Colleague: 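Pasting a structure below so you can have a look.
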Amino acid sequence: ETGVTQTPRHLVMGMTNKKSLKCEQHLGHNAMYWYKQSAKKPLELMFVYNFKEQTENNSVPSRFSPECPNSSHLFLHLHTLQPEDSALYLCASSQDRVYNSPLHFGNGTRLTVT
Amino acid sequence: DQQVKQNSPSLSVQEGRISILNCDYTNSMFDYFLWYKKYPAEGPTFLISISSIKDKNEDGRFTVFLNKSAKHLSLHIVPSQPGDSAVYFCAASAYGNKLVFGAGTILRVKS
């Protein structure tokens, strides 16, 4: 399997639930990212990991908790979310943390918070 | 305050004609620009990029033009094909820092 794979593709959760999004990249990249895309808005960077170390947290609420156990895997743990957190969550990877290295995106997880 | 703006939410073009997608930016420190294409139910895919030391970069049917004085870049697709119908995102970065994306333009190529 190649590229960036995200699971699940769709997720519906209540505000009291705890769930996790998973991302796996098979490109040998060293940097991984979480982005949020809300309707008709630009992609918003949430977190950046470079060589498993978190290098950026873009003022994301603590109800979103990332985890990067190795350079190939990235998780986003969700708890006590709000309806306004409903969005498309995209994982991406790049060769390294330098942004001039193009991002490779997964197909995203469509999250609905009820 | 949006630093990267795509002012046209959508664009409709006849097959075979030229599609021109526009992007304006406000941060004069941006030195690298990219275009991504996104189909429904898929993630964005990298299309073409340009460094601020150039004013044009071409790759097959796709050409990106950069006008630094106007803080404007555009993506030209010629000839346009129905398979080009997608959402196109412009993105920019300054000195390798985080990418800033525009909100996207929906391109529809009619056959």
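Note that the structure is predicted; figures quoted are calculated from it, not measured. Convention: sequence-line order gives letters A, B, ...; per-chain numbering from 1.
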Colleague: Taking the side chain as C-beta and beyond, is there a heavy-atom pair between A:Pro102 and B:Tyr36 under 4.5 Å?
Modeller: yes
Colleague: Are more than 12 heavy atoms, taken from residues, nucleotides or ligands other than A:Arg63, located less than 6.0 Å from that residue's CZ atom?
Modeller: yes
Colleague: If you count the non-hydrogen atoms of other residues, nucleotides and ligands that lie under 6.0 Å from CZ in B:Arg17, is the total more than 12?
Modeller: no
Colleague: Take A:Phe105 and B:Phe46 through the side-chain contact (heavy atoms from CB on, under 4.5 Å) test and state the conclusion after the steps.
Modeller: CA-CA 9 Å; A:Phe105 285 90; B:Phe46 169 70; over 6 Å; no
Colleague: Please look at B:Tyr95 and chain A and tell me whether the side chain, the backbone, both or neither of the residue comes under 4.5 angstrom of a heavy atom of that chain.
Modeller: neither
Colleague: Side-chain heavy atoms nearer than 4.5 Å, only ILVMFWY residues, links allowed to pass through others: does that put B:Leu66 and B:Phe30 together?
Modeller: yes
Colleague: Let me confirm one number: the CG-OH distance from A:Asn107 to B:Tyr39, rounded to the nearest 0.5 Å.
Modeller: 13.0 Å
Colleague: Considering only heavy atoms, which portion of A:Arg9 lies under 4.5 Å from any heavy atom of chain B: side chain, backbone, both, or neither?
Modeller: side chain
Colleague: So for A:Gln37, is it side chain, backbone, both, or neither that comes closer than 4.5 Å to the heavy atoms of chain B?
Modeller: side chain
Colleague: Take atom NZ of A:Lys19 as the centre, draw a 6.0 Å sphere, and report whether it contains more than 12 heavy atoms from other residues, nucleotides or ligands.
Modeller: no
Colleague: Starting from the C-alpha separation in whole Å, work towards a yes-or-no answer on side-chain contact (heavy atoms from CB on, under 4.5 Å) for B:Thr45 and A:His104.
Modeller: CA-CA 7 Å; B:Thr45 56; A:His104 295 254; over 6 Å; no
Colleague: So if you build clusters from Ile, Leu, Val, Met, Phe, Trp, Tyr with side-chain heavy-atom gaps below 4.5 Å, do B:Val87 and B:Val4 land together?
Modeller: no
Colleague: What part of A:Leu90 is in contact with chain B, defined as an atom under 4.5 angstrom from a non-hydrogen atom: side chain, backbone, both or neither?
Modeller: side chain
Colleague: Go through A:Leu103 and B:Leu99 one step at a time and tell me if the side-chain contact (heavy atoms from CB on, under 4.5 Å) criterion holds.
Modeller: CA-CA 10 Å; A:Leu103 300 175; B:Leu99 276 177; 3.6 Å; yes
Colleague: Would you say the side chain of B:Lys38 lies within less than 4.5 Å of the side chain of A:Leu88, judging by non-hydrogen atoms?
Modeller: yes
Colleague: Assigning hydrophobic clusters by single linkage (Ile, Leu, Val, Met, Phe, Trp, Tyr; side-chain heavy-atom cutoff under 4.5 Å), is A:Tyr89 placed with A:Leu78?
Modeller: yes
Colleague: Hey, any chance B:Leu21 and B:Phe89 share a hydrophobic cluster, counting ILVMFWY side chains that come within less than 4.5 Å of each other, even indirectly?
Modeller: no
Colleague: I need the residue from B:Gly104, B:Pro9, B:Gly102 with the largest number of non-hydrogen atom pairs under 4.5 Å to chain A.
Modeller: B:Gly102
Colleague: Rounded to the nearest 0.5 Å, what's the gap from NZ on B:Lys98 to OH on A:Tyr35? Could you check?
Modeller: 8.5 Å
Colleague: Answer with yes or no whether the hydrophobic clustering places A:Leu43 together with B:Ile106; edges join I, L, V, M, F, W, Y residues whose side-chain heavy atoms lie under 4.5 Å apart.
Modeller: yes
